[in-house]
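One structure is given here, and the rest of the page talks about it.
Just so you know, these numbers use all the heavy atoms, side chains as well, and skip hydrogens, waters and symmetry mates. Bear in mind that the values here come from a model prediction, so they are computed numbers and not experimental data.
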Amino acid sequence: MVIDKVIITVDRMDFTGFNAQRGGRPLHILMVYHAAYPQVRGGIDAMIQALIGSVTPGCRVSIFSPGDWSNKRLEVQWSGSVARYQLRLRMPWDAQRPIRGFLGWLWEFPVTLWKLHGLLRTQKVDMVHLHTIRDYHGYFRLLRWLGGPPYIVTFHGTDALHFAEDMLLGVAGERQGKGILRWVAHGAAGITAVSAHYARLIQQCHPKLGQVHAIPNGIPLDLHADTSASMAEIPAHLPTQYWLLVGWIDPPKAPDVAVRAWGLLADSFPDVHLFIVGEESLLGNGLPYYPGYLASLHEMIRELGISATVHLTGSLPRATLLAMARGAQGQVFPSLREGLPYVLLEAGLMRLPVVCSDIPAFADVVTHEQDGLLTPIKDAQALAAAVARVASDPVLASRLGQAFHETVCQHYSAERMAERYLDLYHRLVMA
């Protein structure tokens, strides 16, 4: 089955009539993800927030986050009309204490399952939406088997690649049980991916799963309200000319390629800076997912003699980052693999020219020379040449930025994303 670049097309449903059949009760969706709503710490948080903001007029949305060891009891926090529930979902494997861990899980498991069952029943949850498949999602597969609500699974990024290759890792870096992940996926009423490429990949590697719906991320088009701060809010020390690279400081995001590109630009564009914004990703035990990678970037910057123009800022407050983006010349995305990052869509809303690696996830969104520039992966020389073109040609920069703005507004709005998910939710609940 071929999944094209354009998302699944569905007939618009009469949700008012659907809710009337349920006594006027709106559809209740429970989002499951290790989020800190309403905080936005990454792309998945941004997607969930955008989806909640767009579907709540016709749906009720709640969030469930697996808690830490302190969350023995089911807890709830409210943010406006959105409830966020927390409860630890203990798994039977513990690398440090395998026997004791298994016995503890055996004792705790039925109680946890009963609490989850009570939550779904008392809150009248109609659909569970699992984000990035994890071993603890097995609880929801069991609850479905026991008569609980149907669930869908959304793959957001490299989790799709890892699932397709049976390489998903647990939060502490251990390889998760392949069987339980496949078991959860096969129990889903529907599966979605945020890029057509990953939807095709999952379906090709796991054809028995059936159709994988490609529903790309969408962004609120009123983002300008968040970026309406005056230029005075941008840190005073910022240079006049600079580019941004935003994301995890990890090999898949390839910031090392951008650093090498800036080394090539140093002589011809000595006043053009690069700000790499983000943190290295950590395992559940607090150790780096890619040990030594961040240190190697610092060493590369020093060896290339570009410490004055390339800056590793760490994470920044969202307001500061958006204000910086408004003053940037453009953004670079040299990733080796991606889903559909929200920072790319935000760049489009702010009319920033983008230079992206030529990977399927980006090529599905950006048309080379029309609304952005695509360069071969791992090619620092090509990336440097593309940045040089944009930096030296304001007309080109303006044309690319405006065209990408139109692309994002037309095809990647939060309302468009929400409509597709709403159609899917209702169809699966009615099935």
Side-chain angles (χ1 to χ4, degrees), residues 40-43 45-47 49-50 53-54 194 216-236 238-247 253 258 272-278 311 313 315-335 338-357 361-362 364-374 383 386-387 389-417:
V40 175
R41 298 180 300 187
D45 293 315
M47 179 269 193
Q49 188 175 71
S54 298
V194 300
N217 288 331
I219 190 169
L221 299 184
D222 61 353
L223 179 69
H224 65 274
D226 293 330
T227 61
S228 59
S230 68
M231 296 298 288
E233 294 189 9
I234 299 178
L238 283 182
T240 303
Q241 303 177 73
Y242 62 90
W243 287 62
L244 294 178
L245 191 167
V246 183
K253 299 291 186 181
V272 176
H273 292 241
L274 173 66
F275 288 89
I276 302 175
V277 182
H311 317 276
T313 70
S315 62
L316 295 174
R318 178 170 172 77
T320 301
L321 178 58
L322 291 176
M324 287 179 64
R326 290 182 68 246
Q329 284 188 314
Q331 290 199 38
V332 292
F333 299 87
S335 305
E338 283 283 1
L340 177 51
Y342 265 86
V343 287
L344 177 65
L345 302 182
E346 289 173 353
L349 280 189
M350 287 184 274
R351 295 178 171 83
L352 292 178
V354 297
V355 177
C356 305
S357 54
F362 290 151
D364 283 344
V365 179
V366 176
T367 301
H368 183 55
E369 297 285 355
Q370 179 176 310
D371 52 12
L373 299 179
L374 299 174
L383 179 61
V387 170
R389 281 186 61 193
V390 177
S392 60
D393 190 343
V395 175
L396 173 65
S398 178
R399 177 177 66 79
L400 293 177
Q402 179 60 35
F404 193 41
H405 175 79
E406 295 171 1
T407 295
V408 171
C409 290
Q410 184 176 358
H411 299 291
Y412 300 98
S413 69
E415 291 76 12
R416 191 173 178 89
M417 173 185 68

| Residue pair Phe333 / Val343: nearest heavy atoms and the distance that separates them | CE2-CG2, 3.5 Å
| Looking only at heavy atoms, what is the nearest atom pair of Leu245 and Ala258, with distance? | CD1-CB, 3.5 Å
| query | To the nearest 0.5 Å, what is the distance between CD1 (Ile219) and OG (Ser413)? | reply | 10.0 Å
| task | Starting from the C-alpha separation in whole Å, work towards a yes-or-no answer on side-chain contact (heavy atoms from CB on, under 4.5 Å) for Leu238 and Phe275. | result | CA-CA 10 Å; Leu238 283 182; Phe275 288 89; 3.3 Å; yes
| note | To the nearest 0.5 Å, atom CG of Leu374 lies from atom OG1 of Thr367 at 8.0 Å
| request: Kindly compute the distance separating CH2 (Trp243) from CD1 (Ile276), expressed to the nearest 0.5 Å. | output: 14.0 Å
| said: I'd like to check the side-chain hydrogen bond (donor to acceptor under 3.5 Å, both in side chains) partners of Thr313; sequence neighbours left out, ordered by chain and number. | reply: none
| request: For Glu406, check side-chain contact (heavy atoms from CB on, under 4.5 Å) against everything at least two apart and list the hits. | output: Gln402
| query | Do Pro341 and Phe362 touch side chain to side chain, with heavy atoms closer than 4.5 Å? | reply | yes
| said: For Val366 versus Cys356, what's the shortest heavy-atom pair and its separation? | reply: CG2-SG, 4.3 Å
| request: State which residues pass side-chain contact (heavy atoms from CB on, under 4.5 Å) with Ala397; sequence neighbours excluded, sorted by chain then number. | output: Pro353, Val390
| ring-ring contact (aromatic ring centres under 6.0 Å, His included) partners for His273, two or more places apart | His311
| Could you state the interatomic distance from CG (Leu316) to CG (Leu321), rounded to the nearest 0.5 Å? | 6.0 Å
| said: Is any side-chain heavy atom of Pro317 closer than 4.5 Å to one of Thr320? | reply: yes
| request: Specify the closest pair of heavy atoms between Val365 and Ala361, including all atoms of both residues, with the distance to one decimal. | output: CG2-O, 3.6 Å
| field | Contacts of type side-chain hydrogen bond (donor to acceptor under 3.5 Å, both in side chains), residue Asp371, not counting sequence neighbours | value | Thr407
| remark: Correct closest heavy-atom pair for Gln331 and Ala347 would be NE2-CB, 3.7 Å
| request: Name all residues meeting the side-chain hydrogen bond (donor to acceptor under 3.5 Å, both in side chains) criterion together with Ser335; count only those two or more places apart in sequence or in a different chain, and write none if there are none. | output: Glu338
| request: Taking side-chain contact (heavy atoms from CB on, under 4.5 Å) as the test, write out the residues that go with Ala50, two or more places apart. | output: Pro220, Tyr342, Ala414, Met417
| request: Could I get the full list of salt bridge (Lys or Arg N to Asp or Glu O under 4.0 Å) partners for Arg389, not counting sequence neighbours? | output: Glu369
| message | Return the CG to OH distance between Leu345 and Tyr412, rounded to the nearest 0.5 Å. | response | 8.0 Å
| message | Nearest 0.5 angstrom please: Leu352 CG to Phe404 CZ, how far? | response | 10.0 Å
| Taking it one step at a time, do Arg318 and Glu346 satisfy salt bridge (charged side-chain N to carboxylate O under 4.0 Å, His left out)? | CA-CA 12 Å; Arg318 178 170 172 77; Glu346 289 173 353; 3.0 Å; yes
| field | Candidate list Met350, Arg351, Gln410, test side-chain contact (heavy atoms from CB on, under 4.5 Å), partner His405, passing option | value | Arg351
| said: Main chain of Met47, side chain of Asn217: is a donor-acceptor contact present, judged purely on distance under 3.5 Å? | reply: no
| Partners passing side-chain contact (heavy atoms from CB on, under 4.5 Å) against Gln241 (at least two apart in sequence or in another chain) | Asp271, Val272, Gln329
| So, do Leu373 and Val354 sit near enough that their side-chain heavy atoms are less than 4.5 Å apart? | no
